[in-house]
Amino acid sequence: MSAQPGQQFIVVLAVDPSEYSEFTLKWYLNHVHRPEYKLHIVHVPEYWGDVGRVIPPSKVHELVEQTKAMTDRLQENYLEWAMNHGVQDAKFAHPHGQEAWHEIIKYAEKVGAGLIVIGSRGQGKLRRTFLGSVSDSVLHHSHVPVLVCRNKDAEV
C-alpha cells in the first residue's frame, strides 16, 4: 500500500468505545502503520435524532451531553496512544449521522483515504444478520480496501 508519487497515503481507522477498537488501533500501529502514512481516526457518535418523540427532551439533552463527553475522552485517548507510537500528526474526526458505516465511508472519500481499518466484534452470522454489522457494511460498500481486525482473544 502506497500513495501516488507526491501524495500522502491516508488511512482512516474507525473506532468506538469498545476494547475491540482499542485492540484494532494498537494492532494497526504495530503491524501496518508506516511513518509516511497519514492517520485519521474516526468515531461516529451515537445518533439521538429520532428519540425525541419517545424520550423527554431533558433526557435527550442528557444523552447528547454524555455522548459528547465520551467522544472527547475517546479523542484524547486515541490521539495519546497514536502519539505514544510515534504518530505525531494523527487527526480525530467525529462526523454525525444515523448510520455509522455510511459516515465512515463518506469521511474516507472526503479525505481521499487509500485504506479503511475497522475492528470487528466477531459476532456470529445470525447475530450480524439481525443486528447488522458496521464492519460488514463498510467492507461491502467501500471503494477502497478495508482491513477488518478481530481480536480472537477478546470475549465475544
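Because the structure is a prediction, the values reported are computed rather than measured.
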State the [atom1]-[atom2] distance between [X] and [Y], to the nearest 0.5 angstrom.
{"X": "D72", "Y": "H94", "atom1": "CG", "atom2": "NE2", "value": "7.0 Å"}
{"X": "N84", "Y": "L29", "atom1": "CG", "atom2": "CG", "value": "10.0 Å"}
{"X": "S21", "Y": "L25", "atom1": "OG", "atom2": "CG", "value": "9.0 Å"}

- Message: Please determine whether salt bridge (charged side-chain N to carboxylate O under 4.0 Å, His left out) holds for the pair E103 and K106, giving the CA-CA distance in whole Å, both sets of side-chain angles, and the decisive distance to 0.1 Å.
- Response: CA-CA 5 Å; E103 295 304 317; K106 269 185 10 185; 3.5 Å; yes

- Query: Does H43 reach the main-chain N or O of V15 with its side chain, forming a donor-acceptor pair under 3.5 Å?
  - Reply: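 Judged by distance alone, yes, a pair lies under 3.5 Å.
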
- Criterion side-chain contact (heavy atoms from CB on, under 4.5 Å) against V146, the qualifying member of I104, V12, V138: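 Of I104, V12, V138, side-chain contact (heavy atoms from CB on, under 4.5 Å) with V146 is met by V138 alone.
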
- Item | Enclosure of E76 CD (heavy-atom neighbours >12, cutoff 6.0 Å) |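 No - once you tally the heavy atoms of other residues, nucleotides and ligands closer than 6.0 Å, there are 12 at most.
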
- More than 12 heavy atoms from other groups under 6.0 Å of NE2 on H31: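 Enclosed.
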
- Query: Can you say whether the rings of W81 and Y78 are parallel (under 30°), tilted (30 to 60°) or perpendicular (over 60°)?
  - Reply: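 Aromatic pair W81/Y78 classed perpendicular.
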
- Does K68 pair with E65 as a salt bridge, N-O distance under 4.0 Å?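 Judged by the 4.0 Å cut-off on N to carboxylate O distance, K68 and E65 do not form a salt bridge.
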
- Item | Lys/Arg N to Asp/Glu carboxylate O, K59 vs E62, below 4.0 Å |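 Result for this pair is yes, salt bridge flagged.
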
- Query: Going only through I, L, V, M, F, W and Y residues with side-chain contacts under 4.5 Å, is there a path from V64 to I55?
  - Reply: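 Same cluster.
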
